[in-house]
Amino acid sequence: MVDAAALEALPSLLRARGYRVVGPVERGGAIVLDELASWDDLPRGTTVELGPGAYRLRKRPDEALFGYVVGPQSAKTWLHPPAVLEFRAERSRGRVTVVAEPADPSPVALVGLRPCDLAAIRVHDHVLGDGPVADPRYRSHRGAAFLIVVDCAEPAATCFCASMGTGPSATGGFDLALNELLDEDGHRFVIEAATDAGAEVLGALATRPVPLDDEVRVEAAHERARMAMGRRLDPGRARDVLRNAVESPAWSEVGDACLGCANCTMVCPTCFCTTVEDVTDLTGDHAERWRRWDSCFTFQFSRLSSGPVRTSTAARYRHWLRHKLETWHEQFGESGCVGCGRCITWCPVGIDLTEEVARLESATPESGDVA
Amino acid sequence: MARRPKLAVWKFTSCDGCQLSLLDLEDELLEIAEAIKISHFTEATRRSQRGPYDLSLVEGSITTPAEREKILQIRRDSRRLVAIGACATAGGIQALRNFADVREYLSVVYANPDTIAALRDSTPISEHVPVDFELRGCPIDKRQLLEVVSAFLADRRPVVSEHSVCVECKRRGVVCVAVLGQPCMGPITHAGCGALCPAYSRGCYGCFGPAEAPNVSALARRWREDGAAPDDVVRMLRTFNAAAPAFRKESDPRGSD
C-alpha cells in the first residue's frame, strides 16, 4: 500500500533508473500518453464519456488520478513505433554502403497502462517478439520497457475486456500494478510488483501493509467493473460466427457505412502492419528505408502488379474483422482483440465490431444448417 | 557529370502558390539548381529556354481556349509532366463555376462580356493531356515536391501516400477532432499535409482532395446526423477540390456522371 502523496516520487525514481517516463496526460481534448514530467501532469479529477465515434472529457466529483479508461494510443506507439528508420545507404565512387540504424536505446517506463493494454502487449509478444519472424526492434523496446498497470474500476460504454478475459484487473505481465482507492480513509494505492525490476522500484517507495478492508474494497471494485462493461463479445462464438459468414450479405451493409479511413487499425493496440518506403535524395547518393504503420483498410495495402486485391470497402472490412477475431486464432493461437473498445470510440462514424458480429450472427444461418 | 535534366515550371489558372513552394525549399535550392537545369520558371527568372524539357511541373487549371492549346504544346515539349496543386489536379477553387452558368455571370460582372474568352468549366490538366503524376494540395507540400523531383531524378515512383489524413493524424499522435465532435474532412481526404489542421485542433478542410476510394456519402451522413444542414454539407465539399469527382458526386448528385 502506498499513499497518493508518496507515489509522487515515482517519475523521478524511474528517471533515476534511466527510463523515459510516459503516462496519461490531458492534451487536445483527450487523455493521451505522453512524456510525464511530474506526477502533477496526471489528469486529476477527470473522467471520460465514450460511445461509438464519440469521446468527451468530463469532470469527476473527486480527485482520482486514474478515473478514466484508455485513450487513442496504447503501448504500441512506444514498443512498435509509427515510423522507424531501418537503414541509410550511401553511395560513394560507385560503391553503396548500407548503414543499419540502431534501435533507439532509451528504455521507456509506461505509467497507467490498463489490463487490456497488457493483454495487447502479450499479443504483440507472440506476433513480433517470438516466433519465426521476430522483430529485433520490438524485442529491444519490449525488453527494456517498465510497465505500470492500473486496474480499471469504472469501465466505459465501449469496454468489453471482461468478456474477452483480459480485464478489468491485471493478472501478470506488469512490473508494477496499482489499484486506486479514494474514500473517507484517504487517497491511496494498493501496489504490487511482479518482477525484480518492479520490486526494486517498490522498495524505494514509502509503503505500508495493505489493510484487509482495502483488499476487500479492491476485490469489490473489480467485481463492480466486471458488471459495468458497456459491451460484450464472446471470442469463441465470434470466431465461429465469422467462419460461417464469409459470404454474408451483411458485409455490404458495413461496407456502405465504413469510411475506409484506417482509424480503427491505427488505434488498435494489436494491429501491427507496416509498410516499407525507400527514398533517395536529389543527388541519389543518399537513400533511406523507412518502416511506417500501415493499414489493411488502405486501398494500396493489397496492391499487386495487377492492382489492389481487396477493391471494395466491404472486402477490406471483412478482411480486418476476420483476421482480428477468426484467423488470428489459426495464425497466433488466440484472438487478436483484447476488448479495449478503441476501434469503436475512434471510428468517425461509430462502427461497433461487437454489433457487426451480432449482425453477422443473425444474418447467417447456423453452421449446422449449412449442407 | 552527366547532362543536367531540364526543368520547366508552368502556370495556368492559379494563384502561383504551388510554384512558390519550389522557391520555399530554401535549404535545398542550391542543390536543386545543381541537380537540375531550371529552363523555364517565370516566378524565379524571366530568362526562358526552349524545350524539350525533361520534367515539366504544371500548376493551374484549364479555363480558357488559349490555355487548352498551350497545354498541348507543353505536353509535346515534356518528357515527364507532373500536375501540381488542387487547380491542376481537380480544377481548383475556380471550378466552383462548374456548378453555375458562366455566360450568366459574365453578363452580370463585365461591361463587355464579349471580350472574355472563358471555357464553361475549370478542368484539371489530366482532362487535356496525359499526366505522369499528380501532386495534390492547396497548396502542395514542399517536402512532397522535393520527393517528386528526387524520385524523377532517380527514375523511381514518388513515395506519396494516397490514404486518408487519419493515418497521418494517428502516426503523429494527433487526437481525432471528428470523434471530439467537429466536422472533419480527414477521413475522406488524401494525405500529404501531415495532418496540419487537426494538429491545431481544427477539422480538415480537404485541401488535398479525395483520398483513394473515399466514402464521402457515409461521412456526409454522419455530419447530417450531427445536425449539419444540406447546405452545410455542400459547403464542406465545395472548396479547393469542389470538382474532384468524389466530392462533386456528393455535393451535386444530379450534375455529375
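Below, chains carry the letters A, B, ... as their sequence lines are ordered, and counting in each starts from 1. Not measured: the values here are computed from a predicted model.
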Notebook entry, point to check: Would you find a donor on one side and an acceptor on the other, under 3.5 Å apart, between the side chain of B:Arg171 and the backbone of A:Ala83?
Noted result: no

Check: With distance as the sole test, does B:Asn215 use its side chain to make a donor-acceptor pair with the main-chain N or O of A:Asp256 at under 3.5 Å?
Finding: yes

Enter the distance from [X]:[atom1] to [Y]:[atom2] here, rounded to the nearest 0.5 Å.
X        : Y        : atom1 : atom2 : answer
B:Arg222 : A:Leu259 : CZ    : CG    : 9.5 Å
A:Phe297 : B:Cys166 : CZ    : SG    : 12.0 Å
A:Met266 : B:Cys176 : CE    : SG    : 13.0 Å
A:Cys264 : B:Lys170 : SG    : NZ    : 10.0 Å

Note to self: Looking at every non-hydrogen atom in both residues, tell me the closest pair between B:Ser164 and A:Cys261 and how far apart they are.
What the structure shows: OG-O, 2.8 Å

Check: For B:Ala218 and A:Ala257, which heavy atoms make the closest approach, and how far apart are they?
Finding: CB-O, 3.4 Å

Looking at [options], which one has more heavy-atom pairs under 4.5 Å with chain B than the rest?
options                                : result
A:Ala30, A:Gly53, A:Pro82              : A:Gly53
A:Gly284, A:Cys258, A:Gly260, A:Ala262 : A:Cys258
A:Leu57, A:Leu282, A:Asp281            : A:Leu282

Under 4.5 Å from a heavy atom of chain A, the part of [X] involved:
X        : value
B:Glu147 : side chain
B:Arg157 : neither
B:Leu219 : both
B:Ile36  : neither
B:Glu31  : both
B:Arg172 : neither

Notebook entry, point to check: Can you check whether B:Ser161 reaches A:Glu277 side chain to side chain, under 4.5 Å on heavy atoms?
Noted result: yes

Using non-hydrogen atoms only, which part of [X] is less than 4.5 Å away from chain B: side chain, backbone, both, or neither?
X        : value
A:Asp278 : backbone
A:Val279 : both
A:Thr77  : neither
A:Thr280 : both

Margin query: Tell me whether the count of non-hydrogen atoms from other residues, nucleotides or ligands lying under 6.0 Å of CG in B:Leu30 goes above 12.
Written below: no

Next item on the list: Write out, in numerical order, the residues from residues 205-214 of chain B with a heavy atom short of 4.5 Å from a heavy atom in chain A.
Entry: B:Glu212, B:Ala213

